[in-house]
Amino acid sequence: MGMFRSLHIHNYRLWFIGALISNVGTWMQRTAQDWLVYDILTDQDAAAMGIVMALQLGPQLFIAPWAGLIADSVDRRKLLMGTQAAMAALGVGLGLLVVLGLAELWHVYAFALALGVVSAIDAPARQAFVSELVRDDYLPNAVALNSASFNGARMFGPAVAGLLTVAVGPGWVFLINAVTFGAMIFVLVTIRQKELRVLNRSAPGRGRIRAGFRYVQQRPDLMMVMFAIFVVGTFGLNFAVYIAAMARTEFGTGAGVFGTLSSIMAVGSVAGALLSARRDRPRLRFVFGAAGAFGLACLLAALAPSVWLFGLALVPVGLFALTLMTSANAYVQTTTVQEMRGRVMALYFAIFLGGTPIGAPIVGWVTNAYGPRWGLVVAAASGFVAAVAGLAWVARSHHVRVRLIHPSPRRLKLTLAATARNTAERNG
């Protein structure tokens, strides 16, 4: 039961169930929204999908420092109750516009931006709140199980959304998603507050945002993890664009197949999250190794000759993407001091998600101009760049050097001499 050890904790078990229900609704809305933009409000415009993603994730770039400070300073449970209620209200608003036949593309843009603002405040508080539910030695496992929940929901949410979009339209999917936020609000209300861990809060005063930036700047390992996450998050994780364009433009299928392909990729994502849950602690080699494997998997998906072989290739894409994300997330959380965790996680998500306003429109333009397969090639390249840069830094930080011993015409003996810094064991 080591893989699921965090579920023995009552509060975390409630959190996991509530998050699973809410995540199913979130994936349903994402799938319906993508199809609404790509095939209903536009004529298969991948660039418009990229703009929606940019608006929804862009606020991370601008709000992150203040969102992280809020997460380090206030009662996170109450803050999350407010953000969950706000996201439910936004789902109701967009759903009613679509059901009543009043929705236009600019409406989706506006709701995406509003949802992005709320999500930017919600994300660091939600991530940091997990450390109040479990003790630090359980934290990597809890982070991995959160990813398993999120991507387990991806197995069902997109497929159900695809069927409902065909049967009753995307508007009702948005309304259903609004209801699922009630599960998280219920959990936050009924959780055993006496069993929450009391963690150090940020002391009041000036300069607290600058202190968060200085902390990260003084940690080169965190800088490299965030670089890898930025490159892959910006150009590699635009799954909605790739899958919709491949399903509709390349293979000529409909919303049902689009949802099914998203669910197939989630199989690999769940596997990656559960494999991460088995590890006692995250290591840098998993972060950078997974980035390279992700690049290779995207390249194989770009070469798939049929829709079902493409779906099969999405399994390792999801597996290595989740291994990368879960390992990076857990590494950042577990190696950051408690009083800085909210600010550091806010910066992490700003880098991870905030690059989408740059990458998603670029990937959408590449997809429109050269075809969906070339969009996947861009994703593959992002994985290779992150892997090469990260592994080169690890080699340099461990002082790896090659020495030539006893040279002769017949045989050259090479030895590797490595002397690690004090962080070698932690970096793995």
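Residue numbers start at 1 and run along the sequence shown.
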Margin query: For Val118 versus Ala86, what's the shortest heavy-atom pair and its separation?
Written below: CG1-CB, 4.0 Å
Notebook entry, point to check: Are there more than 12 heavy atoms of other residues, nucleotides or ligands under 6.0 Å from atom CZ of Phe186?
Noted result: no
Note to self: Measuring only between side-chain heavy atoms, which start at C-beta, is Tyr38 closer than 4.5 Å to Asp45?
What the structure shows: no
Next item on the list: For Ser327 and Leu324, indicate whether the former's side chain and the latter's backbone hold a donor-acceptor pair under 3.5 Å.
Entry: no
Next item on the list: Write down the atom of Met184, the atom of Ala19, and the distance for their closest heavy-atom approach.
Entry: SD-N, 3.3 Å
Checklist line | Sidechain-backbone polar pair: Arg76 side chain, Phe129 backbone, donor-acceptor under 3.5 Å | finding: no
Notebook entry, point to check: Does the side chain of Ser382 come within less than 4.5 Å of Thr234's, by heavy atoms?
Noted result: no
Next item on the list: I would like to know whether Phe227 and Trp393 meet ring pair (Phe, Tyr, Trp, His ring centres under 6.0 Å); could you show each step before the answer?
Entry: CA-CA 11 Å; Phe227 171 78; Trp393 176 83; over 10 Å; no
Checklist line | Point-to-point distance, once rounded to the nearest 0.5 Å, from CG of Leu133 to CZ of Arg192 | finding: 12.5 Å
Item checked: Any donor-acceptor pair under 3.5 Å from Tyr348 side chain to Met226 backbone -> no
Checklist line | Heavy-atom side-chain proximity of Leu94 to Gln33 below 4.5 angstrom | finding: yes
Notebook entry, point to check: Are any non-hydrogen side-chain atoms of Pro170 and Ile40 less than 4.5 angstrom apart?
Noted result: yes
Checklist line | For the student: nearest non-hydrogen atoms of Ala71 and Pro124, plus distance | finding: CB-C, 4.1 Å
Note to self: Could you report the tightest heavy-atom contact between Ala178 and Gly91, atom names first, then the distance?
What the structure shows: CB-C, 4.2 Å
Margin query: Assess the residue pair Gln84 and Ser22 against the criterion (side chain to side chain contact (heavy atoms under 4.5 Å, CB included)); give the C-alpha distance rounded to whole Å, side-chain angles, the decisive distance to 0.1 Å, and a yes or no.
Written below: CA-CA 10 Å; Gln84 295 293 305; Ser22 180; 4.1 Å; yes
Next item on the list: Tell me, with the steps shown, if Gln56 and Ser119 meet side chain to side chain contact (heavy atoms under 4.5 Å, CB included).
Entry: CA-CA 8 Å; Gln56 193 160 315; Ser119 297; 5.8 Å; no
Next item on the list: Decide yes or no for Leu237 and Met325: does some side-chain heavy atom of the first lie under 4.5 Å from some side-chain heavy atom of the second?
Entry: yes
Check: Rounded to the nearest 0.5 Å, how far does CZ of Phe111 lie from CZ of Phe174?
Finding: 10.0 Å
Next item on the list: State, without any angle test, whether Thr335 and Arg219 hold a side-chain donor-acceptor pair at a distance under 3.5 Å.
Entry: yes
Checklist line | Heavy-atom donor-acceptor pair, His8 side chain to Arg5 backbone, under 3.5 Å | finding: no
Notebook entry, point to check: Any side-chain heavy atom of Trp172 within less than 4.5 Å of one from Leu164?
Noted result: no
Note to self: Distance check, rounded to the nearest 0.5 Å: Leu261 atom CG versus Thr31 atom OG1?
What the structure shows: 11.0 Å
Next item on the list: Specify the closest pair of heavy atoms between Leu14 and Ile191, including all atoms of both residues, with the distance to one decimal.
Entry: CD1-CA, 4.5 Å
Item checked: From Asn146 atom CG to Arg126 atom CZ, the distance as rounded to the nearest 0.5 Å -> 8.5 Å
Check: Does the Thr253 side chain pair with the main chain of Ala247, one donor and one acceptor, at a distance under 3.5 Å?
Finding: yes
Notebook entry, point to check: When the ring planes of Phe251 and Phe310 are compared, do they come out parallel, tilted or perpendicular, using 30° and 60° as the limits?
Noted result: tilted
Note to self: Ring-plane angle category for Tyr370 and Trp365, please: parallel below 30°, perpendicular beyond 60°, tilted otherwise.
What the structure shows: perpendicular
Item checked: CG-CG distance between Leu102 and Leu97, expressed to the nearest 0.5 angstrom -> 6.0 Å
Check: Under the 3.5 angstrom rule, does the side chain of Asn177 hit a backbone N or O of Thr26 as a donor-acceptor pair?
Finding: yes
Check: Any donor and acceptor pair, going by atom type alone, linking the side chain of Thr165 with main-chain N or O of Ala32 inside 3.5 Å?
Finding: no
Check: Where is the tightest heavy-atom contact between Leu79 and Ala125, given as atom of each residue plus distance?
Finding: CD2-CB, 3.6 Å
Checklist line | Residue pair Phe288 / Val394, side-chain heavy-atom distance below 4.5 Å | finding: yes
Check: Yes or no on side chain to side chain contact (heavy atoms under 4.5 Å, CB included) for Val363 and Thr367, after CA distance, side-chain angles and deciding distance?
Finding: CA-CA 6 Å; Val363 171; Thr367 299; 4.1 Å; yes
Notebook entry, point to check: Taking atom CZ of Arg197 and atom CD of Glu132, what is their separation to the nearest 0.5 Å?
Noted result: 9.0 Å
Checklist line | Phe235: which of Val385, Ile362, Val366 passes side chain to side chain contact (heavy atoms under 4.5 Å, CB included) | finding: Ile362
Notebook entry, point to check: Looking just at side-chain N and O atoms, do Tyr12 and Asn141 make a donor-acceptor pair shorter than 3.5 Å?
Noted result: no
Checklist line | Min side-chain heavy-atom separation Val332-Thr336 under 4.5 Å | finding: yes
